[in-house]
Amino acid sequence: MKPGHIIPASFYARDTELVARDMLGMLLQCTTAEGATSGIIVETEAYIGEHDAACHAAAGLTTRTAPLYDRAGIAYVYFIYGMYWCFNAVTRAKGLPSAVLVRAVEPVEGIARMRRRRPRAHRDRDLTNGPGKLCLALGITGSLNKQPLQRGSLVIRDYTSYPDASIAITPRIGIRHAADWPLRWIVAGNEYVSKG
DNA sequence: ATCCGGATCGCCT
DNA sequence: GGCGATCCGGATG
């Protein structure tokens, strides 16, 4: 673990459950014309292949799902409920179209900028405790879809690590299909974990 | 604390 | 036409 070092694409070319676990503690950093904002990843979910009814790849290869079929280590940023963006890192578990959804981060850089981008958040803990919220706070939009996470304006870096004892695994939330599989990883007790 | 509806639109269970 | 890997504010207990 070397803090600051960018995570190589090979990291994402592994079983998605392992990637989701290991992404906890890494830094998600987005740089725009306004500067850099970043946060520690504290909540992730795995979406694994066409047979996972909750994974967008269940719809097969379409314009929307194309990033999932491209290559490990790129961004999959999709638009949801007509107004929000959600960020995923594309993985390649056993050749399956898969991804890890980042559901929450703990703010590190650019907190004042996050507050300006999230005027409805009355407390700092509401800045980035949800997949749509963190994209607003960090400035992540669809223009970053399919971009590699090793260079460019959206990168993931080593930052810290959490022992297994501090991590909890639960069913994924906010979905209707395959809602009982334990594919959500959270840093137990972290105040930035989403409430679902 | 918990529940519920509205916003808003690209996509296809 | 209807729904979704969400968020927010208002009502209710």
Side-chain angles (χ1 to χ4, degrees), chain A residues 12 15-17 19-21 23-24 28 30 37 39 41-70 72 74-93 96-107 114-147 149 154 156 168-187 189 191-196:
Chain A
Y12 304 92
D15 282 354
T16 306
E17 297 95 320
V19 177
R21 159 65 180 89
M23 280 174 67
L24 296 179
L28 177 61
C30 186
T37 49
I41 296 169
V42 295
E43 176 178 356
T44 58
E45 284 181 353
Y47 288 86
I48 310 174
E50 298 179 345
H51 295 296
D52 176 356
C55 181
H56 289 174
L61 174 58
T62 66
T63 301
R64 183 200 200 195
T65 64
L68 296 172
Y69 293 81
D70 191 332
I74 64 172
Y76 171 44
V77 183
Y78 67 89
F79 194 53
I80 189 69
Y81 293 113
M83 62 184 95
Y84 298 110
W85 298 101
C86 289
F87 165 77
N88 299 247
V90 173
T91 62
R92 182 85 329 127
L96 301 172
S98 309
V100 172
L101 170 71
V102 175
R103 288 192 55 89
V105 305
E106 176 181 332
M114 294 187 199
R115 293 190 186 111
R116 288 195 292 275
R117 290 170 173 164
R118 296 269 301 123
R120 321 300 284 261
H122 297 143
R123 304 171 305 181
D124 281 359
R125 61 184 301 179
D126 295 320
L127 245 23
T128 55
N129 61 344
K133 297 176 190 177
L134 74 90
C135 283
L136 285 168
L138 297 181
I140 297 173
T141 69
S143 68
L144 297 171
N145 194 27
K146 300 187 226 183
Q147 285 203 192
L149 298 170
L154 186 59
I156 296 179
I169 305 176
T170 80
R172 296 175 294 187
I173 57 183
I175 58 174
R176 36 179 300 176
H177 298 290
D180 49 352
W181 297 357
L183 292 174
R184 174 174 176 251
W185 283 259
I186 62 177
V187 176
E191 66 173 347
Y192 291 93
V193 169
S194 79
K195 291 152 197 72

Student: Take the protein atom CG of A:Asn88 and the nucleotide atom C1' of C:dT6, then report the distance between them rounded to whole Å.
Tutor: 14 Å
Student: Whole angstrom is fine here: how far is it from CD1 in A:Ile48 over to C1' in C:dA5?
Tutor: 14 Å
Student: Requiring both pairing distances under 3.5 angstrom, list the stems that contain DNA chain C and are made of three or more consecutive Watson-Crick or G-U pairs.
Tutor: B:1-7 with C:6-12, B:9-12 with C:1-4
Student: Which residues satisfy the side chain to side chain donor-acceptor pair (under 3.5 Å) test with A:Gln147, sequence neighbours excluded?
Tutor: none
Student: Among A:Met114, A:Arg118, A:Lys133, find the one that has a side-chain contact (heavy atoms from CB on, under 4.5 Å) with A:Thr128.
Tutor: A:Met114
Student: Restricting to side chain to side chain donor-acceptor pair (under 3.5 Å), what partner residues turn up for A:Tyr12, sequence neighbours left out?
Tutor: none
Student: For A:Glu106, what residues pass the salt bridge (Lys or Arg N to Asp or Glu O under 4.0 Å) criterion, not counting sequence neighbours?
Tutor: none
Student: Looking at residues at least two apart in the chain, or sitting in another chain, which of them share a side chain to side chain donor-acceptor pair (under 3.5 Å) with A:Arg172?
Tutor: A:Asp52
Student: For A:Asp124, check side chain to side chain contact (heavy atoms under 4.5 Å, CB included) against everything at least two apart and list the hits.
Tutor: A:Ile111, A:Arg115, A:Leu127, A:Tyr192
Student: Taking the side chain of A:Arg176 as heavy atoms from C-beta outward, which of C:dT6, C:dG4, C:dC7 is closest to it?
Tutor: C:dG4
Student: In terms of relative ring orientation, are A:Trp85 and A:Phe79 parallel, tilted or perpendicular, with 30° and 60° separating the classes?
Tutor: tilted
Student: Taking CD1 from A:Ile173 and C1' from C:dC7, how many angstroms apart are they, rounded to a whole number?
Tutor: 13 Å
Student: How does protein reach along nucleotides 2-13 of chain B, written 5' to 3' as B (base within reach of a heavy atom under 4.0 Å), S (only sugar-phosphate), or - (no contact)?
Tutor: -----BBB-SSB
Student: Please list, one pair per line, the donor and acceptor atoms closer than 3.5 Å that link side chains of residues 136-144 of chain A to other protein atoms, with sequence neighbours excluded.
Tutor:
unit_1   : atom_1 : unit_2   : atom_2 : d
A:Thr141 : OG1    : A:Ser143 : N      : 3.4
A:Thr141 : OG1    : A:Ser143 : OG     : 3.1

Student: When we call it a touch if two heavy atoms are under 4.0 Å apart, what does A:Arg172 touch: a base, just sugar-phosphate, or nothing?
Tutor: nothing
Student: Once side chain to side chain donor-acceptor pair (under 3.5 Å) is applied, do any residues pair with A:Arg123, and if so which ones, sequence neighbours excluded?
Tutor: A:Asp126
Student: Mind running a 4.0 Å heavy-atom check of residues 117-131 of chain A against DNA chain C and sending the residues that fall below it, in number order?
Tutor: A:Arg118, A:Arg120, A:Gly130, A:Pro131
Student: Can you name the salt bridge (Lys or Arg N to Asp or Glu O under 4.0 Å) partners of A:Arg120, sequence neighbours left out?
Tutor: none
Student: Going by the salt bridge (charged side-chain N to carboxylate O under 4.0 Å, His left out) test, which pairs reach into residues 53-67 of chain A, not counting sequence neighbours?
Tutor: none
